[in-house]
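Residue numbering restarts at 1 for every chain, and letters A, B, ... go by the order of the sequence lines.
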Protein chains: 2
Amino acid sequence: MKSTINDVAARAGVSIKTVSRVINNEPSVRPATRKKVMDAVEELHYQPNLAARNLAGTRSYTIALIYDNPNAYYVIDMQNGILEACKARGYELLIHPSNSKSSTVNDELRALVEHSKVAGVVLTPPFSETQSVIEEVKKLGLDYVRIVSSGAAEGDEDNCIQVDDTAAAYDITRHLIEHGHKRIGFLCGGEEHVSTHGRLEGYKEALQQAGITIDPELIVAGEYSFDSGVNGAKHLLEQDNPPTAIFASNDEMAAGALFAARLMHIEIPQQLSIVGFEDSPFSRQTWPKLTTAHQPNNEIAKCAAALVLNKARSKSAAESAAANKDAGILKKFVPELLVRDSTGDSPN
Amino acid sequence: MKSTINDVAARAGVSIKTVSRVINNEPSVRPATRKKVMDAVEELHYQPNLAARNLAGTRSYTIALIYDNPNAYYVIDMQNGILEACKARGYELLIHPSNSKSSTVNDELRALVEHSKVAGVVLTPPFSETQSVIEEVKKLGLDYVRIVSSGAAEGDEDNCIQVDDTAAAYDITRHLIEHGHKRIGFLCGGEEHVSTHGRLEGYKEALQQAGITIDPELIVAGEYSFDSGVNGAKHLLEQDNPPTAIFASNDEMAAGALFAARLMHIEIPQQLSIVGFEDSPFSRQTWPKLTTAHQPNNEIAKCAAALVLNKARSKSAAESAAANKDAGILKKFVPELLVRDSTGDSPN
DNA sequence: TGCCATATTGACAGCGTTGTCATTTAATAA
DNA sequence: TTATTAAATGACAACGCTGTCAATATGGCA
């Protein structure tokens, strides 16, 4: 039933090494030979055995996705995007949720390499933005791609997929300003995420450019969770001079803000506008539907995976750069404003 | 840095085969020897190489989770639960999202076995309840566990983790009846899920037992999605004699119903009670928070994984049954009623 | 035609385990 | 004791592939 490289070699009348060359796209195989082998592969439905490859080769055929788990939708999008890329190239994906607070990530990373022989990793925030993690990954000689907020790419652009939070946050804030809002509250995400700072930055820029003074009272700490959205919004709305709009750092917090508003019998968007960020499915499942910024997580994941895979299978940096160009991999994304029903004109 | 079985053997002064015996918990090793080996393992931080194990052994050390992807929270819960069990025993998890409509699952299953040498699979609905899939899995000689709605366990109880949807749905309906509701709408989930029928069953039982006639007008088809919740609820609420309560087959549909109610300016729970099912995180993130039935997905996943793992590592059925007993694996779960803010007394 | 350089192919040794089977050791019976 | 048997251990060949390096074609050129 299941055929091995030996079967293919026999059928094609060549040595197993030649078959190996063909399936790995190595040079120095005559076109005629290559064809013979490919035909045999086809006929036998041959698929290289991953365990054997991993064991024999220096490079491995599995990559890992490292993530903390704040948002199920985000994680699923990432997984699916990466899985697609992996499947296309015969790689395997190991998912590795970890806790960013208890910092055993480095040990886990090491175990991943030694134990499972992982070729590369895709790092998502906040790990992708944590210096010690990045260093460990480098030390382990792992190919990696970091999905980061633009600010965190530093001199490591080659290994980053950037999301321009600042630009997107600017657009969102602009949208509110254009609707006459002058007092706009801002609910921060977790401190450890660079995106938090990037989004705040965009918010401030838009305000400044519109000549609106930034009121620190309107900026409240939080951590990308529903509950922190509830609390943050309450805090804002109980002020003497409450904002007419709230910019929540992600959809989950926005849903929390919505919840708080409802508790206080505030009408959305008539009395208060609320915006989120990310366009996660449940921004469409609130009432009213959330105005947000669409972050194409699935696309981002696919690019990230393609990037590591290119690195992993190329010998030189130049070679992988060339492969990237061919594949049309995008390395910078700007989430796009998506106006739905939770925003409207300022009541004042 | 990374140590192999040879290093351990050398250190312990035994042959590699003996080390193998110890790490695989095989019999016929003298306690003293076992200890020597274990110490060496400890000291060298030895971890068996998975690729080698998979290649050499008849049994493999990776299991797969097969799922369709309706609900991100559900999937993540499953993954994490299984991952925990896997980690504890040195197994690896391969996630495999698939599409239940396009029925290539069987081919994918076969590929999984041949290509990656998967030892066992955890099947979630609807795959776990699809006859052809189950047969293929059996034919492939795979160890498997099916997470199913009680009705679907048939004569295969040994390989099933059952969720008693009927009992839970009964409780939920009872709760509504106790609040004076007599006209209770029911939003069905997808036809292909056995849970849909189980939940409907429980609803009917409770009604009948309370002497309330079942009105087919109040039962509407759907498919476990937000949108179908919106549409189903609209359909119910636009009737001449609309229900005073709606039982949605899952939280997502309940959120949809909430959305529809809001559109129609209906107050929850004053004018209408709404219940969901599953207790997914966002049943806590709606306003008002949803009354629902708590389904311990993470726990269920852990049990499921423990079950396959026991099967995979045991030679005989008896042996694995014994292991199960030891581990205290639960094989039947009844989701528990969780009363929150979306239900109240009937307005009539 | 003959020779050299280069392109193509193959033989063979691992990779780190487990499985099989032979060997040694301990335990029991005589 | 010694013979007999069972338990404990080890030697060695797989597993299916890749890497290394040697062997063989092939083509170009004198």
- Query: Rounded to whole angstrom units, what separation is found between the CG atom of B:Leu44 and the P atom of C:dG16?
  - Reply: 14 Å
- Whole-Å distance separating the CG atom of A:Asp7 from the P atom of D:dG16: 9 Å
- Is any side-chain N or O of B:Thr33 closer than 4.0 Å to OP1 or OP2 of D:dT9? yes
- Message: With a cut-off of less than 4.0 Å, is there a side-chain N or O of A:Ser28 near OP1 or OP2 of C:dA7?
- Response: no
- Task: May I ask you to verify if any side-chain N or O of A:Thr18 is less than 4.0 angstrom from the OP1 or OP2 atom of C:dG10?
- Result: yes
- Query: What closest approach, in Å, do B:Val148 and B:Glu129 show between heavy atoms, and which atom pair accounts for it?
  - Reply: CA-OE2, 3.8 Å
- Shortest non-hydrogen contact from B:Val308 to B:Val145? N-CG2, 3.6 Å
- Would you say A:Asp68's side chain and A:Ser100's backbone share a donor-acceptor pair under 3.5 angstrom? yes
- Task: Show your reasoning for whether salt bridge (charged side-chain N to carboxylate O under 4.0 Å, His left out) applies to B:Glu157 and B:Lys331.
- Result: CA-CA 9 Å; B:Glu157 285 82 3; B:Lys331 301 189 68 178; over 6 Å; no
- Given that A:Gln47 and B:Lys17 both sit by DNA chain D, which one's nearest nucleotide is further toward the 5' end? B:Lys17
- Closest of D:dC17, C:dT17, C:dT9 to the B:Asn6 side chain is C:dT17
- Item | Between C:dC12 (C1') and A:Ile5 (CD1): distance, integer Å | 14 Å
- Task: Between B:Ile16 and B:Leu55, name the one whose nearest nucleotide on DNA chain D is closer to the 5' end.
- Result: B:Ile16
- Query: When you check every protein heavy atom under 4.0 Å of nucleotides 21-27 of chain C, what one-letter string (B, S, -) results, 5' to 3'?
  - Reply: -----S-
- Message: Rounded to whole Å, please give me the gap between CZ in A:Arg53 and P in D:dC15.
- Response: 19 Å
- Message: Can you confirm whether the side chains of B:Arg53 and B:Asn24 place a donor and an acceptor under 3.5 Å from each other?
- Response: yes
- A:Asn49 CG to C:dC15 P, in whole Å, measures 18 Å
- Message: Using 30° and 60° as the class boundaries, would you call the ring planes of A:Tyr61 and A:Tyr91 parallel, tilted or perpendicular?
- Response: tilted
- Message: I need the CG-P distance between B:Asn24 and C:dG19, as an integer number of Å.
- Response: 7 Å
- Task: Take B:Tyr67 and B:Tyr74, measure what ring-ring contact (aromatic ring centres under 6.0 Å, His included) needs, and give me the verdict at the end.
- Result: CA-CA 10 Å; B:Tyr67 56 92; B:Tyr74 178 83; 8.7 Å; no
- OP1 or OP2 of C:dG16 under 4.0 Å from side-chain N/O of B:Tyr61: no
- Task: Please report, rounded to the nearest Å, how far the P atom of C:dA7 is from the CD atom of A:Glu26.
- Result: 16 Å
- Out of D:dT18, C:dT8, D:dG10, minimum distance to the side chain of B:Ser15 belongs to D:dG10
